[in-house]
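The structure presented is a predicted model; accordingly, all values stated were derived computationally and were not measured. All heavy atoms count here, side chains included; hydrogens, waters and symmetry mates do not.
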Amino acid sequence: MRTDQAQPVRLSEYRVANHSVTTVALDVALDPTATRVNARIDVVPHPQGVAGAPLVFDGDDLVLVSLSVDGVALPPEGFEATPERLTIFNPPARAFALEIETRINPEANTQLMGLYRSSGTFCTQCEAEGFRRITYFPDRPDVLAVYTTRIEADRALAPVLLGNGNLVETGDLEDNRHFAVWHDPHPKPSYLFALVGGDLAHVEDHFTTRSGREVVLRIYVEHGKEGRCAYAMDALKRSMRWDEEVFGCEYDLDIFMIVAVGDFNMGAMENKGLNIFNDKYVLALPDTATDQDFAQIEAIIAHEYFHNWTGNRITCRDWFQLCLKEGLTVFRDQEFTSDMRSRAVKRIADVRLLKSAQFSEDAGPLAHPVRPEIYKEINNFYTPTVYEKGAEVIRVLKVLIGAEAFKTGLDLYLKRHDGDAATVEDFIACFAEASGRDLTQFFLWYRQSGTPDVSVETHHDAVEGTFTLDIRQSLRPTPGQSMKEPMVIPLAIGLLGEDGVDRPLLTDDGQQVAGVVALNAERHRFTFSGHPTRPVLSINRGFSAPIRLKTDLRREDLAFLARHDSDAYNRWQAMQTLATQYLTDASEAVRSGGASPAPDILLEAMRAALAGSEQDPAFAAQVLTLPSEADIAREIGTNVDPSAIFAARRALRTALAQSLGDSLSGLIERLAPTSSYSPDAISAGRRALANVALDLLAAAGDAERLAAVARRFHAADNMTDRLAALAVLVQHQGSDREDALATFEERFRTDPLILDKWLALQAGIPEAGTLDRVRALMSRPGFHATNPNRLRSLVGSFASLNPTQFNRIDGQGYDFLAEVVIGLDTRNPQVAARLLGAFKSWRALEPARRAKAEAALKRVSETDGLSPDVRDIVDRSLA
Ligand code: TRP
Ligand code: ZN
């Protein structure tokens, strides 16, 4: 295994491969501990490569059995094979066929990269650099080849054999063995290769593309789980139709397969024609999955399917271009969900995620540009910055050049670069051409890391009837970038009159302007006329730019916007800002031993939101959800004291429970379901609102109300309501918590995916006993400490969703995470590194906790033989 000293890779050092590959014929004989891989690789010297250069292929943990060139075995002095590299010193200066035999051990593969076994099923994960764990290869995304895969296995061990592309042949062999041959006509990079072998059940459906291609759709799962695939299958068909209608993208093979596996490092993988999924994002029934699970399944099925064009047909030239496929595909899946569900609610959910996961990354030691220019371990760059900010940047582009030019540009990109391994420059050039605009400054969104700060000061002149905005932008230094240039920032705006209606936007010479002002310098002044009375400014509507915004809006203005803004996103944002401002002040007050009662204006704004909530329950559920502890911490920024934040937030929740109690109970009653469970967005919205109300209502810890929650828990006929009630109960000591937890465990004891929810809830309990509870859960016999889903649910939730307990003042939360990461690193470095990422905001803590966190990070750093993955995260965290 590779350890420690990885050399950095730089974008500026990109060179084409000296040898490219036209076709690959793999012959894989599956065996749990000794799988034989024969690869016949047709190699051609690259015309732009270095003539006469040695052939250098990547490997990782490989054992070479034999090697030949054009059918002739190479003499030992002609090559060198290490686990990491195959070098042929004097390869032919013409096209030739390389035959490589390697032996690999899937059973021993705990990294879950390359070929491994998950509950007995053989499966692969090749992105980003896993193919080199199967055979020696130029394992880089700009080497595109046509693959044929022959798989053979014992029929009893693996009756199902799957590969990329179309099935061309099957047959029986001696000794109860059999084989299948798959051919993928579309040239692809090695990271999109996949194969699966196992004893799996499947469900089947069909889709006819708009040009008449008949496509077989199959979802493969463990036997007995076939009944949980219907929602995923329906989401797949809707994704296929939507991509044709909205982006003009049609499917291009005769079969599309999804395989669900229980051990998976990430969410899912877009291998050509053979997506492999974490089973968490496939399996769902009302009794086993929450509304949120259904929504995530829909989004991830769509995401992986959409990669068929944005990622597979057009792939990345190198891994620096990762956002080219991921940012764009996230943008596409966000649009899909917006069309399937509520656009405003989706926008709010996406911005919440962006702020919690990405703004915090941007503000800490792991900040990097959407397109990084240097990395040591590419696995560590599958980040919220590349994915979520990568999608935001595309949204910024769309606002800047307008929907029409945006569509023309995207169509051009899909056409011009089909079959290419492209760069972000290639992508942006299409929009520059379509819009006739110079997008040089816009490109800074890809190059500069950090979240821009924008501050707005307003001035009203009643005599002149003018309203002036003075806007400044700045961008703080981030690792490796001390100097920053001003960005181009489009701000969607509106000016509300006293009646709450948008007034026309007139410049000082009386011209009407569209609702977007664009910043491109450090300072700007915009003056609007026709305002004898002071209007209320609504700015960054729809979150038109991913910035941190400061305005001089008063509390009254925010409450007014929360009620009247025609932009739904900003109605939500106004309430969040109002609550956040109060909660940051209140946290400071708690720290200095005082208290600050919730202002009436905030209670009244919440009351008003509650009163109108039944018109759009899903939206109202978002409005009534207070900013999280992490949101408040981010706003405070330095010397963060998680206990003070928790106390301030709990006090506000109690105040809301007391002042809104009757309205909340009335609402819960009115939202009671009248028909049986359906996961659709409208019904889900009603449940979301009822459960937010339930959570608030119980916040004061009132025994009678908690008993009602317990009754709701026992009576629930679906996982959403059951889990929501349980989540409320676990927050309160002495409630029926242990009883409810035991009931839940008993009922779902055989279903690890459901017990994950149970683990996560317990890891989130904001009490001093939680760390012991988490340790105890980890050492239970049924807990598979190597399964990424189990680890994320228990350890990941503890570290990232339980601020008071992870940040215990005695440092034990940090020590625990360090200990888990060190122990896991030798088995699964990728997941270990990801868990360690929970330290990303450690520098923002108050000094006592900061010192403890630093000590824990140092302990990790001083451990011998760290993987490159963990080494990279710990070094950057401490830098
Ligand atoms: N390309 C995958 C996705 O977004 C990401 C992914 C899945 C991945 N598994 C991985 C990345 C393992 C790195 C390692 O859709
Ligand atoms: Zn993706």
**Fill in**
Heavy-atom closest pair (Pro452 atom, Trp445 atom, distance to 0.1 Å) is CG-CH2, 3.8 Å
**Side chain His460, main chain His531, donor-acceptor under 3.5 Å** = yes
**Main-chain N/O of Arg705 paired to Asp702 side chain as donor or acceptor, under 3.5 Å** = yes
**Request:** Ignoring hydrogens and angles, tell me if any N or O in the side chain of Ser544 forms a donor-acceptor pair with the backbone of Asn540 under 3.5 Å.
**Result:** no
**Message:** Is it the case that the side chain of Ser592 and the backbone of Gly594 share a donor-acceptor pair, with hydrogens and angles ignored and the cut-off at 3.5 Å?
**Reply:** no
**Criterion side chain to side chain donor-acceptor pair (under 3.5 Å) on Glu635 and Thr580, from CA distance to verdict** = CA-CA 8 Å; Glu635 195 60 30; Thr580 304; over 6 Å; no
**Message:** Using the salt bridge (Lys or Arg N to Asp or Glu O under 4.0 Å) definition, which of the options Asp680, Asp721, Asp717, Asp291 pairs with Arg687?
**Reply:** Asp291
**Pairwise side-chain contact, Phe294 with Thr720, heavy-atom cut-off 4.5 Å (strictly under)** = no
**Request:** Could you tell me whether the side chain of Tyr677 and the main chain of Asp287 form a donor-acceptor pair under 3.5 Å?
**Result:** no
**Message:** Rounded to the nearest 0.5 Å, what separates atom CZ in Arg238 from atom CD1 in Ile301?
**Reply:** 10.0 Å
**Request:** Could you check Thr288, Leu723, Leu759 and say which one makes a side chain to side chain contact (heavy atoms under 4.5 Å, CB included) with Ile754?
**Result:** Thr288
**Message:** In the structure I gave you, are the side-chain heavy atoms of Ile632 and Arg649 within less than 4.5 Å of one another anywhere?
**Reply:** yes
**Message:** When you measure from the side chain of Asn807 to the backbone of Pro803, do you find a donor-acceptor pair of N or O atoms at a distance under 3.5 Å?
**Reply:** yes
**Item:** His524 NE2 to Leu491 CG distance, which is reported to the nearest 0.5 Å
**Value:** 9.5 Å
**Request:** Evaluate side chain to side chain donor-acceptor pair (under 3.5 Å) for Asp362 paired with Gln358, printing each intermediate quantity in order.
**Result:** CA-CA 6 Å; Asp362 248 353; Gln358 201 281 322; 3.1 Å; yes
**Prompt:** Do the ring planes of Phe798 and Phe806 sit parallel (below 30°), tilted (30 to 60°) or perpendicular (above 60°)?
**Reply:** perpendicular
**Inter-residue atom distance Glu604.CD - Leu660.CG, 0.5 Å rounding** = 8.5 Å
**Message:** Restricting to non-hydrogen atoms, name the atom on Ala690 and the atom on Ile668 that form the minimum distance, rounded to 0.1 Å.
**Reply:** O-CG1, 3.9 Å
**Asked** Out of Val590, Val640, Leu583, which one pairs with Ile645 under the side chain to side chain contact (heavy atoms under 4.5 Å, CB included) rule?
**Response** Val640
**Request:** Establish, from distance only, whether the side-chain atoms of Asp293 and Thr290 form a donor-acceptor pair under 3.5 Å.
**Result:** yes
**Prompt:** Pick one: which of Val456, Ile471, Thr507 meets side chain to side chain contact (heavy atoms under 4.5 Å, CB included) with Phe526?
**Reply:** Ile471
**Message:** Other residues, nucleotides and ligands only: do more than 12 of their heavy atoms fall within 6.0 Å of CD on Glu614?
**Reply:** yes
**Prompt:** Considering only heavy atoms from C-beta outward, does the side chain of Gln573 approach that of Asp567 to under 4.5 Å?
**Reply:** no
**Prompt:** Does a side-chain heavy-atom distance below 4.5 Å link Leu397 with Val393?
**Reply:** no
**Request:** Could you check whether the rings of His564 and Phe560 sit parallel, tilted or perpendicular, using 30° and 60° as the cut-offs?
**Result:** tilted
**Request:** Please answer whether the main-chain N or O of Gly542 pairs with a side-chain N or O of Arg347 as donor and acceptor at a distance below 3.5 Å.
**Result:** yes
**Prompt:** Between Val488, Ile547, Val454, which is the residue that forms a side chain to side chain contact (heavy atoms under 4.5 Å, CB included) with Leu519?
**Reply:** Val454
**Distance-minimising heavy-atom pair for Gln762 and Thr770** = O-CG2, 3.5 Å
**Item:** CD/Glu457: more than 12 non-hydrogen atoms of other groups inside 6.0 Å
**Value:** no
**Prompt:** Checking side chain to side chain contact (heavy atoms under 4.5 Å, CB included) for the pair Gln512/Leu505: CA distance, chi angles, key distance, verdict?
**Reply:** CA-CA 6 Å; Gln512 175 137 5; Leu505 294 173; 5.7 Å; no
**Ser342 OG to Ile348 CD1 distance, which is reported to the nearest 0.5 Å** = 7.5 Å
**Message:** As an exercise, state the distance from CZ of Arg607 to OG of Ser663, rounded to the nearest 0.5 Å.
**Reply:** 5.5 Å
**Worked check of side chain to side chain contact (heavy atoms under 4.5 Å, CB included) between Thr551 and Ile539** = CA-CA 9 Å; Thr551 69; Ile539 188 161; 4.1 Å; yes
**Main-chain N/O of Asp756 paired to Lys280 side chain as donor or acceptor, under 3.5 Å** = no
**Message:** So Asp736 and Phe713, do their side chains get closer than 4.5 Å, heavy atoms only?
**Reply:** no
**Prompt:** Side chains of Pro490 and Leu400: does their closest heavy-atom pair fall under 4.5 Å?
**Reply:** yes
**Request:** Show your reasoning for whether side chain to side chain donor-acceptor pair (under 3.5 Å) applies to Ser538 and Asp565.
**Result:** CA-CA 7 Å; Ser538 170; Asp565 201 321; 2.4 Å; yes
**Min side-chain heavy-atom separation Asp453-Gln473 under 4.5 Å** = no
**Prompt:** Between Leu506 and Phe528, does a side chain to side chain contact (heavy atoms under 4.5 Å, CB included) hold up when you go through it step by step?
**Reply:** CA-CA 5 Å; Leu506 306 172; Phe528 298 97; 6.0 Å; no
**Request:** Evaluate the criterion salt bridge (Lys or Arg N to Asp or Glu O under 4.0 Å) for residue pair Asp502 and Arg541; output intermediate values, then yes/no.
**Result:** CA-CA 13 Å; Asp502 276 13; Arg541 282 182 159 176; 2.9 Å; yes
**Prompt:** Do Leu761 and Leu726 touch side chain to side chain, with heavy atoms closer than 4.5 Å?
**Reply:** yes
**Backbone N/O of Phe467 and side chain of Arg534: donor-acceptor pair under 3.5 Å** = no
**Message:** For Phe406 and Phe331, I'd like to know if the aromatic rings sit close, meaning centre-to-centre distance below 6.0 Å.
**Reply:** yes
**Asked** Would the number of heavy atoms belonging to other residues, nucleotides or ligands and lying under 6.0 Å from CD1 of Ile682 be above 12?
**Response** no
**Fill in**
Correct closest heavy-atom pair for Asn802 and Ala763 would be ND2-O, 2.9 Å
**Asked** What distance separates Arg711 CZ from Leu706 CG, expressed to the nearest 0.5 Å?
**Response** 11.0 Å
**Side-chain (Lys389) to main-chain (Gly450) donor-acceptor, under 3.5 angstrom** = yes
**Prompt:** If you look at every heavy atom in Trp242 and Met340, which pair is closest and at what distance?
**Reply:** CD1-CE, 3.9 Å
**Prompt:** With the threshold set at 4.0 Å, does a side-chain nitrogen-carboxylate oxygen contact exist between Glu335 and Lys346?
**Reply:** no
**Asked** Looking only at heavy atoms, which two atoms of Gln731 and Glu767 are closest? And how far apart?
**Response** O-OE2, 4.3 Å
**Asked** Are Phe543 and Arg395 close enough, and set up right, to give a side chain to side chain contact (heavy atoms under 4.5 Å, CB included), and what steps lead you there?
**Response** CA-CA 10 Å; Phe543 207 67; Arg395 244 167 240 294; over 6 Å; no
